[in-house]
Amino acid sequence: MSADFRSSVLNPGLGKTLAWLLVYSALVLAPMLIALIGDRPAPRRLLVEIGAMLGLLGLGVLAMQLVLSGRHRWFAPGFGQDNLLQFHRQTGQFAWLLVLMHPLTLIVGDRDFLAYLDPREDVLRALAQIFVLLAVTTLLVTSLWRLALGLSYEVWRTLHATLSLLVVTIGLGHSLLVDHYSAGIATKVALALLIAVPLLLLLESRLLRPWRLRQRPWRLVEREPLPGEAIRLLLEAEGHAGMHFKPGQYAWLTLGPSPYSLQQHPFSMASPAARPDRLEFFIKQSGDFTQWLSKVEIGTRAWLEGPYGVFTMDPAAGRRTVFIVGGIGITPVFSMLRSCAERGCRQSMWLIYANNGKDEITLGEEIDALSQCLSLTVIHVLNEPPDDWQGETGYVDADLLARTLPEDDEDIDYYVCGPQPMMDSVEPALRDRGVSMRRLHSERFDLV
Amino acid sequence: MVHDIARYLGTIVSIGLLAVAVAVGWWIAG
């Protein structure tokens with residue numbers, strides 16, 4: 001699986017989703033509630049009061065952004081980090097809007113608030129406000145258009161974390177110094193404690209977590225090129241039992257002497273779950289980091305943070321399964337198939353494996369070998385087939401699904417993993433076939 | 001499709017939170 005290749009279905013159920021959204025909303029609204037609990041000052045003009053509330057809400061949303069993106073397993077378990085990041089992406093745009101609307105609404109309500117942006121009134125205060133406005137805009141622009149701006153993932157990640165930390169810290173300082181709703185010492189302490197938690201969690205994820213990884217080193221023991229401009233890496237645990245994972249999950253990989261590195265990328269485990277001490281990764285060479293992986297020396301120290309992901313299957317469940325994958329999206333499914341083979345699963349399975357050309361089929365021989373020991377029907381689909389190709393051609397669409405798959409039934413699960421155009425075609429087609437959301441598991445490329 | 005749900009939820013929750021902030025500001029201003 002290539003870097004920046006994450007996302008899986010939001011599948012924990014409606015009740016759990018609504019409960020989580022209520023908890024999230026309560027946490028985001030907490031700064032506003034804290035400000036309103038103490039002695040309330042005399043009311044001001046309508047737009048001024050609305051502007052003040054937008055500012056407090058903005059602080060809450062920005063602080064929760066740090067938690068949403070922190071890969072904390074205890075936070076929203078079962079939703080998938082990838083879905084949380086999609087949510088984070090939307091609420092980030094909302095945070096930008098709030099940070100912009102907060103001063104604008106105040107100034108429209110009372111022109112005296114222009115003084116907050118006037119360096120002649122207070123240099124530090126004015127610079128801090130202007131910095132936050134620019135920083136939040138930079139966060140938004142660099143996240144939405146990272147590739148168009150030519151920013152590498154590593155530079156973007158460092159910039160994002162640094163600016164986020166500064167924006168929330170300055171936002172907290174601003175809310176404490178304004179001294180309107182936060183005039184009381186109890187309110188100040190409560191606000192500071194509330195916002196300190198996400199700030200500390202950010203530091204935990206960037207400083208403490210890599211430090212803990214130092215206790216569990218890995219070493220690169222094998223590396224080989226594969227068809228389709230991919231490479232295979234085999235990592236061995238050094239002095240520990242390895243990493244237990246479910247087939248289909250992924251881990252964040254760092255290679256080099258220290259886990260404190262900007263180069264940390266997510267890749268699916270391709271090996272069977274029964275061998276947690278020897279993990280295999282098949283990686284498409286699509287960027288600077290993945291190109292560099294093809295040259296990294298055997299014996300290099302490695303660090304793995306994980307496992308993550310809800311795109312998983314239980315081989316022991318014995319359910320019939322359809323896999324629909326495109327390109328290097330085969331890797332999590334390969335782990336599932338190998339785990340099924342090791343357990344001696346007998347249920348019927350179908351694999352639709354789409355690639356551009358025949359020479360881009362990364363795991364063709366390995367999949368064919370697995371089909372000998374599993375009840376697995378493999379359907380290769382090529383978009384650019386050679387003249388002598390006998391298999392399916394074109395894109396994976398509703399017609400192809402109708403030709404190659406059995407009638408849908410409640411005992412069939414579907415796993416879909418591939419690039420966005422394929423997902424956009426396959427997911428609605430499966431829904432039209434009557435596949436419920438609970439049986440449809442999917443994972444796609446290009447999150448950031 | 002299914003992945004868009006998380007984004008839709010982010011948008012819906014944002015609109016709801018914005019409405020709450022405006023309503024509270026309105027209520028305070030009397």
Side-chain angles (χ1 to χ4, degrees), chain A residues 7-11 17 21 24-25 28-29 32-33 36 40 43-58 60-61 79-80 82-95 97-98 101 105 109 181 416 420 423-424 426-428 430-431 437 440-444, chain B:
Chain A
S7 207
S8 51
V9 71
L10 187 72
N11 207 14
T17 304
L21 288 173
Y24 168 81
S25 300
V28 161
L29 290 168
M32 197 189 299
L33 293 173
L36 295 177
R40 211 176 312 145
R44 300 169 292 183
R45 293 176 194 168
L46 174 63
L47 282 180
V48 172
E49 293 299 353
I50 289 176
M53 291 306 115
L54 294 180
L56 286 163
L57 177 60
V61 174
F79 284 85
D82 22 36
N83 281 316
L84 286 183
L85 288 183
Q86 297 285 358
F87 187 83
H88 168 92
R89 196 179 167 95
Q90 291 305 104
T91 48
Q93 294 171 54
F94 179 50
L97 191 70
L98 289 170
M101 283 172 64
T105 316
Y181 284 109
V416 187
Q420 186 152 339
M423 308 294 282
D424 289 343
V426 169
E427 288 174 349
L430 288 175
R431 295 283 290 152
M437 299 282 272
L440 173 55
H441 309 266
S442 63
E443 184 153 273
R444 69 172 62 196
Chain B
M1 182 189 69
V2 286
H3 299 86
D4 296 335
I5 294 172
R7 286 207 293 274
Y8 293 150
L9 288 176
T11 304
I12 292 165
V13 168
S14 297
I15 292 168
L17 290 169
L18 184 65
V20 170
V22 171
V24 171
W26 202 299
W27 170 64
I28 294 169

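Within every chain, numbering begins at 1; the chains are lettered A, B, ... in the order of the sequence lines, protein sequences first and strands thereafter. Everything quoted here is computed from the prediction, not taken from an experiment.
Contacts between B/Ile12 and chain A at a heavy-atom distance below 4.5 Å are absent for every atom of the residue. Contacts between A/Arg40 and chain B at a heavy-atom distance below 4.5 Å involve the side chain alone, from C-beta outward. When heavy atoms are compared at a cutoff of 4.5 Å, A/Leu84 does not approach chain B at all. Interface residue A/Leu21: only side-chain heavy atoms are found under 4.5 Å from chain B.
Rounding to the nearest 0.5 Å gives a distance of 9.0 Å between CH2 of B/Trp26 and CG of A/Leu47. With rounding to the nearest 0.5 Å, the separation of CZ in B/Arg7 from CG in A/Asn83 is 10.0 Å. Annotation: the span from B/Ile28 atom CD1 to A/Met32 atom CE amounts to 8.5 Å, rounded to 0.5 Å. Rounded to the nearest 0.5 Å, atoms CG (B/Leu18) and CG (A/Leu97) are 7.0 Å apart.
Smallest separation of non-hydrogen atoms from B/Ala21 and A/Leu54: CB-CD2, 3.9 Å.
For residues 9-20 of chain B, every residue pair satisfying the side chain to side chain donor-acceptor pair (under 3.5 Å) rule, not counting sequence neighbours, is listed here: A/Gln90-B/Thr11.
A 4.5 Å side-chain heavy-atom check between A/Phe94 and B/Val13 finds every atom pair outside the cut-off.
Residues forming a side-chain contact (heavy atoms from CB on, under 4.5 Å) with A/Leu33 (at least two apart in sequence, or on another chain): none.
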